[in-house]
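Because the structure is predicted, anything quoted here is derived from the model rather than measured.
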Amino acid sequence: MIGLVRKDLYCLKKGLKTFLMVSIGVIVLSVLFILSARYGNVAKGIEEMKIENNMGEKEFYAFYQGFIWCVLVLPMAFLGIIAECFKEDKKAGFSRPLCSLPLSDGKIVGSRYISALLLAAIGMAASLLAGFFVSLVSDAFPLQKMLGYILCLNGAMLAYTGLQMFLTYAFGAEKADLIQCVPLIILLMLCIYLFQGKISNVTEAEINAYMTGMINDISNFMVEKCGLVFLAAIGCMALSFLGSWMLFRKRKGVI
């Protein structure tokens, strides 16, 4: 079982190098941005943008939070490269030899989920480090708030990956790329539909107020419910594993 996890990590060798570079870049850039936003050129640009776009302190703070979320989620988003393991196994024709190994179905499927959890842990560690440095240089983002953001974002990535892995076991590795894209496209279309109904025939000030309120509500939810979200994500991964295990037993050598 440990050998299968090592094999997965070897398949992801190139992706892990990119992940390491991105993680280091996120940590450095997040700190530099915060410092520049307080003392440097970004601070000057911020004041100009606030004047030109009639943005108040609340509106700009909401924008600031959105930027922090984007920074924190980048290392954790690399969890999606677990799909490469399915594609590499399919390309190498490893599915049938895999089933001949003296391992139970649960251990074979479980090794892939352990690989995913390892990637999630590495990504979360990088985000925690970035969040820690941000909390040191910004009073607006204390460590407790950063931890809430990270737990929620990591939970969302775990739930998405659990769905992705289950669907890959259900429909095969050849559809892995499509499986990765479809949920994101559906989510994007849903957001566009909801926003169109909210921001049509309204003024710029009303749009800013709506966006500010929405971001603040999301921020409060992430901080207050981060533990429940993360536990729910772990539950989703557990259900995904059970479903994938059952599918693997029925479709040995096909996935």
Side-chain angles (χ1 to χ4, degrees), residues 19 22-23 25-27 29-31 33-34 37-38 46 55-80 82 116-117 119-164 180 183-195 197-199 207-240:
F19 161 75
V22 169
S23 297
V26 162
I27 294 169
L29 288 177
S30 61
V31 175
F33 179 85
I34 295 295
R38 295 181 67 179
I46 286 170
M55 293 178 67
E57 292 295 332
K58 291 183 178 180
E59 287 81 2
F60 182 75
Y61 179 69
F63 163 79
Y64 219 45
Q65 289 183 101
F67 170 80
I68 294 296
W69 296 344
C70 293
V71 168
L72 294 177
V73 80
L74 279 175
M76 294 181 286
F78 269 83
L79 178 56
I82 193 66
L117 291 175
L119 290 175
I122 295 171
M124 188 173 180
S127 295
L128 284 170
L129 190 57
F132 172 71
F133 284 120
V134 169
S135 70
L136 290 179
V137 297
S138 176
D139 297 332
F141 297 98
L143 185 58
Q144 182 180 359
K145 179 175 285 190
M146 303 302 291
L147 289 174
Y149 290 167
I150 291 167
L151 282 175
C152 276
L153 292 171
N154 196 46
M157 289 305 305
L158 281 173
Y160 167 71
T161 302
L163 174 62
Q164 173 191 337
Q180 276 187 305
L184 297 178
I185 293 173
I186 293 174
L187 179 61
L188 178 61
M189 293 177 65
L190 180 61
C191 289
I192 292 173
Y193 172 77
L194 293 175
F195 277 114
K198 293 289 185 180
I199 66 176
I207 293 175
N208 288 339
Y210 172 74
M211 294 295 295
T212 300
M214 182 187 67
I215 292 175
N216 287 332
D217 288 342
I218 294 174
S219 175
N220 292 334
F221 174 83
M222 292 170 76
V223 174
E224 295 171 3
K225 306 296 183 181
C226 58
L228 290 176
V229 171
F230 189 73
L231 288 176
I234 296 297
C236 288
M237 283 294 283
L239 291 174
S240 173

Would you check, one step at a time, whether the test side chain to side chain contact (heavy atoms under 4.5 Å, CB included) holds for Ile122 with Leu79? CA-CA 9 Å; Ile122 295 171; Leu79 178 56; over 6 Å; no

Please enumerate all residues that pass side-chain contact (heavy atoms from CB on, under 4.5 Å) together with Cys236, with sequence neighbours excluded.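 So Cys236 forms a side-chain contact (heavy atoms from CB on, under 4.5 Å) with Ala159.
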
Report the distance from atom [atom1] of [X] to atom [atom2] of [Y], rounding to the nearest 0.5 Å.
X      : Y      : atom1 : atom2 : value
Glu224 : Ser219 : CD    : OG    : 9.0 Å
Asn154 : Thr161 : CG    : OG1   : 9.0 Å
Ile218 : Trp69  : CD1   : CH2   : 5.0 Å
Ile68  : Leu153 : CD1   : CG    : 11.5 Å

Any [X] side-chain heavy atom under 4.5 Å of [Y] side chain:
X      : Y      : answer
Leu151 : Met124 : yes
Tyr149 : Cys226 : no
Leu158 : Met76  : no

For Gly123, is there any backbone N or O sitting under 3.5 Å from a side-chain donor or acceptor partner on Ser127? yes

For Ala233 against Gly155, the heavy-atom pair lying closest together: CB-O, 3.1 Å

When every non-hydrogen atom of Ala130 is compared with those of Leu72, the smallest separation belongs to CB-CD2, 4.5 Å

For Ser135, all residues meeting side-chain hydrogen bond (donor to acceptor under 3.5 Å, both in side chains), sequence neighbours excluded: none

